[in-house]
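What you see below is based on every heavy atom in this structure, not just the backbone, and it leaves out hydrogens, waters and symmetry mates. Sequence lines set the chain letters: A, B, ... in the order given, protein chains first and strands last, and positions in each chain run from 1.
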Amino acid sequence: MIVSGRTLVADTVLEHDVVVVGTGAGGSMATRELARAGKSVIAVEEGGDHTPADFDQREDTMLPILFQDRGGRMTTDLAITVLQGRGVGGSTIHNTNLCKRAPDAILDLWTQRHGVVGCKPSDLAPVFAEVERDLSVSTIPDDAINKNNDALRRGLAALGWRGGALSHNRVGCMRSGFCELGCAYDAKQNARKVLLPEAMARGATVLSDTKVLRILHDGRRVSGVLAQTVTGKLVRIKARAVVLSASATGSAALALVSGVPDPFDQIGRGLRIHPGGAVAGVFDDAVDGWQGIPQSWECTEHLDFAEGSDKRVWITTAFAHPIGTASLMPGFGADHMRAMRLYRRMAVLTAMVHDETEGRVTASPEGKPRIAYAMEPRDRAQLARGLRAGAEILLAAGAKEVHVPAVRPLIVRNKKDLAAIDLDFARPHSVPLTAVHPMGTMRMGEDRRRSVVDSRGRHHHLAGLFVADGSLFPTSLGGPPQISVYTLARHLARHVADSVR
Amino acid sequence: MTTRRNFLSRTARAGLALATLSGAGVAAFVRASGYVVDPARAAKLRCLAPWQLVVVDALAARFCAADVPYDSPGAPPTPLEVGVSEFVDQFLAESDAEVRRECLALFGMLEHAYPMSCGHLHRFSLLSPAAQDDVLRSLAGSASALLQGAFTGCKSLFMMGYYRDPRTWGVLGYDGPKKGRPTEGWVPLRYRGAT
Ligand SMILES: Cc1cc2nc3c(=O)[nH]c(=O)nc-3n(C[C@H](O)[C@H](O)[C@H](O)COP(=O)(O)OP(=O)(O)OC[C@H]3O[C@@H](n4cnc5c(N)ncnc54)[C@H](O)[C@@H]3O)c2cc1C
Ligand code: SF4
């Protein structure tokens, strides 16, 4: 049952075995698994419950509803827009449905360098497979590759670079192209659609429009959470276990503002975000990049997961609707409008850095996440590499010119022009950057001095506190994270269930 | 550390201090009272003060200026026709209080103080369009990363106000939402596992 906090008429006390904070990829999976294990579980979600009928395919109405801070969340230095979801289903409601397992090399790195136990590729392979079945993951069919993605495919073929078709979790997709504004046709196999109905059928409760303010504890063991509805009613939930699934920003901020013991000052550290910049190629003919499945092809030529590799950029397509595009295109006024007139003929690629920079999440006194992230030169070099590669792909695909949005905008017309995209050009504040994959602020590992939770997701110092979301990752993934978030949450939920036997 | 929360108000305070310290600043404040506002529009405001509506109108006119004369055939709508300022008013009214306070402080700073730092002796809303563009370009290209950030945030808000309106989509050739259009042979899927 989904109960909106708006319907509570008085302060309330509830009691459950487990309370899960947040209902995104990690929270919904943990809730479903705990319900399957027969536990009494409540998932508390600060955002509302929005269903396909609510999704009107308009940016101005959907961004404020579906995204944290109405789509305006940024790093504290205002250099990077950080997009994250808010509402039942979390970021899985508006994400673009790409499904990729964590690369074996990354899981090996977690095992060998970060002391993670039980998450080797062979340990997780069966769990990945179960999650992929849950979400109906399949390869995006050839006839669903739109013209924007075809430009990427053609460019890669012309250059002889590595790349290929992506997999997704859609069934009955209308190819409308509005994925980032919620699917009006209910084709996304997201957490709200696939996991929560089963969890609720097994007795779980979802309390929406209610924000968890504090984790209640005595310094040694949790006793529940204190939450507040959007209408101001306080809800005290007594529980033997608390699962943090409020995302890599929300979980760390909540732990910090709750005074969770942190003797080695680890909570909030190690934030990775896959910062990404964009390039837009202008073609002679219409591309109409907003039509069809937004992302279906990838370039992995500049991505090598070996330790110390200097190839750390993942390139895919990134077409935006009018408001997103208008914000990205450089300048303002008449010049800006002239560039907007190229909209139909543009193909847009994004280069996301598999980042080594470690950002940090802290909390405001009210518990709002503050995201500090100062991109290091080695990652800026990767960003420059990615923007150059993106522009080269578009030229190879037949673009007449490639616009590289920046404070000093650059138009690339041939390979020689690419040299202008150097380390200095690829500065935050100079190039507009967006991040959609925050990870790693409550890292898992067996070393208490370098991690926040153990390999079972259990907090090192506070009994009864668990983490099941993207904040578990000890490093960046270098690709879309949702499948790995779902998988870790499924893998670790049994330890939560065991703890409340 | 500078946070987004305190940045805009700090910038505004710094700008206002700069303005009040100079004679020109005093002159600008003296003129701050002479705003002419349409009472019908002012009556509908949710969070902007009437004088702020004039500033936001002026910013909208520059951020969203067209590349062709508005009286030419097929010209896009003006920001005024689209109601960009009314959108900004509504958006800020629904934002959390700190964001609202900071944006309003930024508008005040852009109107009263920042033009002077670019060598203009009048407040923003009284400058010529060319001088207003000069002020915005200077903000965008500022050596201060935070002022650049303020420009970007402000621009996004105005672009949202303009390009949200279907009448502007002709500029792009964008055909808009598909919901409600005929969908041949498609049957909605039920929630799997739902009862
Ligand atoms: C635009 C966009 C596109 C993306 N596309 C893809 C893609 O194609 N493929 C992919 O793999 N990944 C994609 N992602 C990322 C992916 O969706 C996330 O990595 C994943 O959902 C993270 O899961 P999570 O459980 O950590 O957090 P989330 O899914 O973000 O869920 C966290 C939830 O916690 C809630 N919450 C936060 N604080 C509190 C609190 N104090 N009290 C109560 N509730 C709280 C939030 O409202 C939110 O609903 C995309 C993300 C974005 C933004
Ligand atoms: S492209 Fe498919 S999944 Fe995306 S919004 Fe349209 S129908 Fe839904």
Side-chain angles (χ1 to χ4, degrees), chain A residues 52 55-61 63-64 69-70 72 74-79 81 136 171-172 174 176-178 184-187 189 193-195 197-198 201 286 288 290-291 321-323 325-327 331-338 340-341 343-344 364 368 370 372 407-408 428-430 432, chain B residues 1-5 7 61-68 76 87 91 94-96 99 129 133 136-137 140-142 145-146 148-153 155-165 168-169 171-180 183 186-195:
Chain A
F55 303 140
D56 66 4
Q57 305 181 331
R58 290 185 56 118
E59 292 164 283
D60 55 325
T61 47
L63 293 175
D69 297 344
R70 299 162 65 82
M74 298 191 88
T75 51
T76 49
D77 63 357
L78 303 177
T81 300
S136 310
V171 173
M174 298 286 294
S176 72
F178 289 94
Y185 311 102
D186 208 10
Q189 307 302 298
K193 176 176 176 178
V194 174
L195 301 175
E198 184 189 336
D288 292 341
W290 70 92
Q291 311 269 17
H321 286 96
I323 293 171
T325 304
S327 303
F332 63 92
D335 290 343
H336 182 271
M337 190 176 278
R338 266 189 286 278
M340 290 298 283
R341 288 190 191 277
Y343 189 63
R344 289 198 64 193
S364 75
K368 279 205 94 168
R370 300 269 178 264
V407 168
R408 277 175 290 119
H429 288 294
S430 162
Chain B
M1 181 196 301
T2 300
T3 67
R4 176 166 176 267
R5 293 258 161 266
F7 147 69
R62 298 323 306 150
F63 272 118
C64 312
D67 57 348
V68 292
F87 168 82
F91 188 92
E94 288 166 10
S95 295
D96 69 50
V99 171
D133 285 356
L136 292 180
R137 263 194 299 272
S142 160
L146 292 172
Q148 282 179 17
F151 170 83
T152 309
K155 172 179 149 185
S156 298
L157 184 60
F158 284 91
M159 292 303 168
M160 186 184 256
Y162 189 69
Y163 284 106
R164 83 186 196 291
D165 190 297
T168 67
W169 296 342
V171 171
L172 315 172
Y174 172 65
D175 61 352
K178 295 185 171 56
K179 197 172 176 180
T183 50
W186 175 74
V187 182
L189 294 164
R190 290 178 60 80
Y191 274 176
R192 191 148 61 98
T195 47

Could you look at [X] and say if it's the side chain, the backbone, both or neither that has a heavy atom under 4.5 Å from chain A?
X        : result
B/Pro129 : neither
B/Phe158 : neither
B/Ser156 : both
B/Ala140 : backbone

Discussion item. With chain A as the partner, which of B/Asp133, B/Thr168, B/Leu157 has the greatest number of non-hydrogen pairs under 4.5 Å?
Written reply: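 Looking at each option in turn, the highest pair count goes to B/Asp133.
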
Worksheet item: Pick from B/Pro76, B/Ala65, B/Ala61, B/Cys64: which one has the most heavy-atom pairs with chain A under 4.5 Å?
Response: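 Answer, by heavy-atom pair count under 4.5 Å with chain A: B/Ala65.
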
Practice prompt. Could you check B/Asp67 against A/Met340 for side-chain contact (heavy atoms from CB on, under 4.5 Å), going step by step and ending with a plain yes or no?
Written response: CA-CA 10 Å; B/Asp67 57 348; A/Met340 290 298 283; over 6 Å; no

Fill in: Cation-pi, A/Phe332 ring and B/Arg62 (6.0 angstrom, 45 degrees)
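No cation-pi geometry.
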
Worksheet item: So, B/Lys179 side chain and A/Ala184 main chain: donor-acceptor pair closer than 3.5 Å or not?
Response: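 Not a single qualifying donor-acceptor pair exists.
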
Worksheet item: Does B/Met160 offer a backbone N or O that forms a donor-acceptor pair with the side chain of A/Glu59 under 3.5 Å?
Response: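 No, A/Glu59 side chain to B/Met160 backbone: no donor-acceptor pair under 3.5 Å.
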
Discussion item. Could you tell me if the side chain of A/His321 sits less than 4.5 Å from the side chain of B/Tyr174, heavy atoms only?
Written reply: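 A side-chain contact exists here, since the closest heavy-atom pair is under 4.5 Å.
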
Worksheet item: Heavy atoms, side chains only, cut-off 4.5 Å: are A/Arg70 and B/Ser95 in contact?
Response: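 Yes, at least one pair of side-chain atoms sits under 4.5 Å.
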
Worksheet entry | Side chain, backbone, both or neither of A/Asp56 within contact of chain B (heavy atoms, under 4.5 Å) |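 Only the backbone of A/Asp56 comes within 4.5 Å of chain B.
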
Fill in: Heavy-atom contact with chain B under 4.5 Å, split by part of A/Leu195
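No part of it gets close to chain B.
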
Worksheet item: Are A/Lys368 and B/Asp96 ion-paired here, with the side-chain N under 4.0 Å from a carboxylate O?
Response: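 Salt bridge present between A/Lys368 and B/Asp96.
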
